[in-house]
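Notes for the one structure printed next.
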Amino acid sequence: MIELPPPKPLAGALPELKGYGRDLRIDACRGIALWCIFLNHVPNNVGSWLTLRNYGFSDAAEVFMFLSGLTCALSYGKARQSGGWTGVIGRTLWRSWDIYVAFLLLTLACAVVVHLAGGGPLADRSNTRILLDQPGVTLAHAAILQYRPVNTDILPLFVLYHLLFAPLLWLLLRAPNATLGASLLLYTLVHVFGWTIPAWPNSHWFFNPLAWQLPLVLGAWWIIEGKRFRPWVTSRTALVPAVLYLVFSLIIALSWSIKPLEALVPQALLTLFYPMDKSNLDPLRLLHFLALAVLAAWFVPRNWRGLTTAVMRGAILCGQNSLPIYCLGVLLTLASHLALLDISDGLMMQIALSVGGVLVMIAAATLLNWINTKPRQQLHAKPADMPVEQPTKFELVVNLRTARALGVDIPPTLLASCRRGDRIKMLFAPVRESGCGADRVPAIAHAFGPPAKNVGQDVN
């Protein structure tokens with residue numbers, strides 16, 4: 001029998017993928033980010049006070065983009081290890097197509113909702129007026145990702161990023177720090193020269209792809225190279241300035257709503273910081289997110305018990321179905337906006353819409369998870385768990401001549417308990433082997449070992 005050498009690992013394999021299970025913190029944070037995006041997009045909503053936007057410079061967008069880089073590096077990295085670069089390219093193209101189709105369907109759905117609502121102010125605030133007035137031209141620009149209704153801007157961004165992720169992963173595996181440096185350089189040039197990608201009709205991307213690529217690249221870089229820098233991130237050297245910056249941004253952000261704090265903050269400082277450019281990812285926003293990431297690395301371990309709570313389980317389910325839940329959140333935002341305009345904009349209505357929207361998202365994610373999990377469980381069901389008839393009679397067959405030739409002693413008590421016919425069976429029974437080149441001694445001795453935990457495994 002020729003023994004083949006063990007296969008060599010793929011060159012440049014992702015170091016974090018070896019033994020890397022699913023990190024529920026990623027799903028939970030992404031689910032919470034989806035909730036925050038929904039709550040922030042409902043105008044004049046008291047529920048937005050539960051989000052990051054009112055307590056610092058950044059919001060859920062930075063979190064969502066960084067986590068997307070993490071998950072892309074993990075998912076496509078595993079695809080490369082199993083299927084090579086052909087598998088990576090195939091999966092990135094397929095995922096881009098999924099997001100592209102979801103974006104076009106969501107655009108049409110937004111137009112239908114606004115049309116059924118009678119247009120009016122909702123058409124202007126959702127940027128669907130031009131779609132209702134000039135559907136042909138507008139859909140043509142939507143097909144090339146130049147037109148986007150309000151709150152759908154992030155989907156064209158991900159179409160582009162997934163298309164380009166295969167070459168990005170190739171660069172990260174060979175020169176991770178240089179690739180991150182190039183991403184940071186591009187981000188800097190955007191702020192120096194105002195670079196952007198053309199859009200329609202106002203030539204303005206709400207999320208400039210050339211700037212927002214940085215948190216995505218940073219997330220992918222962390223999976224590949226972050227192990228070397230993790231001791232520094234979890235050190236007091238990083239924690240102290242992160243906490244100080246978070247406190248500083250908290251005071252600045254709350255000074256817009258709380259009068260006593262407004263008196264403590266110099267007006268020149270507020271003028272310097274605001275308006276904060278979200279389209280090009282203002283550096284203050286990026287630093288605020290990085291400070292939050294350091295805090296999370298310190299106080300949210302991988303086995304955090306909070307992940308088992310009901311709220312976190314709901315967030316995990318939403319994070320695991322991020323694309324459909326995001327699209328659902330956009331439609332829920334339109335419905336909530338319509339309810340505030342036509343029914344009531346009171347406090348109780350705001351609370352009801354906020355809580356109801358989050359519960360609908362959790363219910364939809366639970367249904368999607370059940371639909372996706374049930375066929376997989378049936379496909380990978382264990383033979384011992386299959387509903388088959390259990391055996392009720394067992395026979396022990398041993399070849400005495402072969403056993404004696406191999407030096408296996410049969411206990412006299414066992415021979416004495418056998419009938420004569422059973423002894424004849426034991427004498428002339430063939431030795432049963434399992435597989436090619438199986439060892440006869442363990443095959444016989446197994447009959448005298450301790451009973452198996454699952455009787456059905458030893459029937460044969």
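Remember, it's a predicted structure, so these values are computed and weren't measured experimentally. Scope of the values below: all heavy atoms of this structure, side chains included, with no hydrogens, waters or symmetry mates.
- Within the 4.5 Å cutoff, the side chain of N54 has no heavy atoms near those of the S257 side chain.
- The side chain to side chain contact (heavy atoms under 4.5 Å, CB included) with L52 is formed by just one residue from the set N40, I32, V63; it is V63.
- A side-chain N or O of W221 and one of N177 form a donor-acceptor pair less than 3.5 Å apart.
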Could you go step by step and tell me if R313 and T308 meet the side-chain hydrogen bond (donor to acceptor under 3.5 Å, both in side chains) rule? CA-CA 6 Å; R313 287 200 300 269; T308 61; 5.7 Å; no
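- Within 6.0 Å of atom CG in N202, more than 12 heavy atoms from other residues, nucleotides or ligands are found, so the atom counts as buried in its surroundings.
- With contacts defined as side-chain heavy-atom distances shorter than 4.5 Å, the pair N44/L340 does not qualify.
- H162 and Y76 form a side-chain donor-acceptor contact under 3.5 Å, judged by distance and modelled atom types alone.
- Contact of the L108 side chain with the L104 side chain is not registered, since no non-hydrogen atoms from C-beta on lie closer than 4.5 Å.
- For Y147 (side chain) and I130 (main-chain N/O), no donor-acceptor pair under 3.5 Å exists by modelled atom type.
- At a threshold of 4.5 Å between non-hydrogen side-chain atoms, the residues M65 and L157 count as touching.
- Judged by distance alone, the side chain of N208 and the main-chain N or O of W195 form a donor-acceptor pair under 3.5 Å.
- Counting only distance, with no hydrogens or angles, the side chain of R80 and the backbone of W85 share no donor-acceptor pair below 3.5 Å.
- Panel note: side chain R25, backbone V300; a donor-acceptor pair is recorded below 3.5 Å.
- Heavy-atom minimum distance, G219 versus L70: O-CD2, 3.2 Å.
- In plain terms, the two heavy atoms of D282 and L284 that are nearest each other are OD1-N, 2.9 Å.
- Using modelled atom types, one side-chain atom of Q213 and one backbone atom of L210 make a donor-acceptor pair closer than 3.5 Å.
- Within the 4.5 Å cutoff, no side-chain heavy atoms of L286 are placed close to those of S58.
- Not one N or O on the side chain of Y187 forms a donor-acceptor pair closer than 3.5 Å with the backbone of A182.
- Looking only at distances, a side-chain donor or acceptor of W212 sits under 3.5 Å from a matching main-chain atom of S279.
- Checked by atom type and distance alone, the side chain of N369 never pairs as donor or acceptor with a backbone atom of A365 at under 3.5 Å.
- Note on ring orientation: taking the six-membered ring where Trp is involved, the planes of F273 and F248 are perpendicular (angle over 60°, cut-offs 30° and 60°).
- A donor-acceptor contact shorter than 3.5 Å links the side chain of R285 to the backbone of F57.
- Annotation for T333 and V42: closest pair CG2-N, 4.0 Å, computed over non-hydrogen atoms.
- Using a 4.5 Å heavy-atom threshold, the side chains of L216 and F158 count as touching.
- Closest approach of M361 to L34, counting heavy atoms only: CE-O, 3.8 Å.
- V150 and V330 get closest at one heavy-atom pair: O-CG1, 4.5 Å.
- In this structure, CD1 in I223 is found 11.5 Å from CG in L169, a value given to the nearest 0.5 Å.
- Judged by the 6.0 Å and 45° rule, R148 forms a cation-pi pair with W205.
- The shortest non-hydrogen separation linking L106 to L155 is CD2-CD1, 3.8 Å.
- A tilted orientation is assigned to the rings of H288 and Y245, their planes being inclined by 30° to 60°.
- At least one donor-acceptor pair under 3.5 Å links the side chain of E62 to the backbone N or O of D59.
- Using a 4.5 Å heavy-atom threshold, the side chains of W35 and F38 count as separate.
- Residues S354 and N45 bring a donor and an acceptor atom of their side chains to less than 3.5 Å of each other.
- R95 places a side-chain heavy atom less than 4.5 Å from the side chain of L323.
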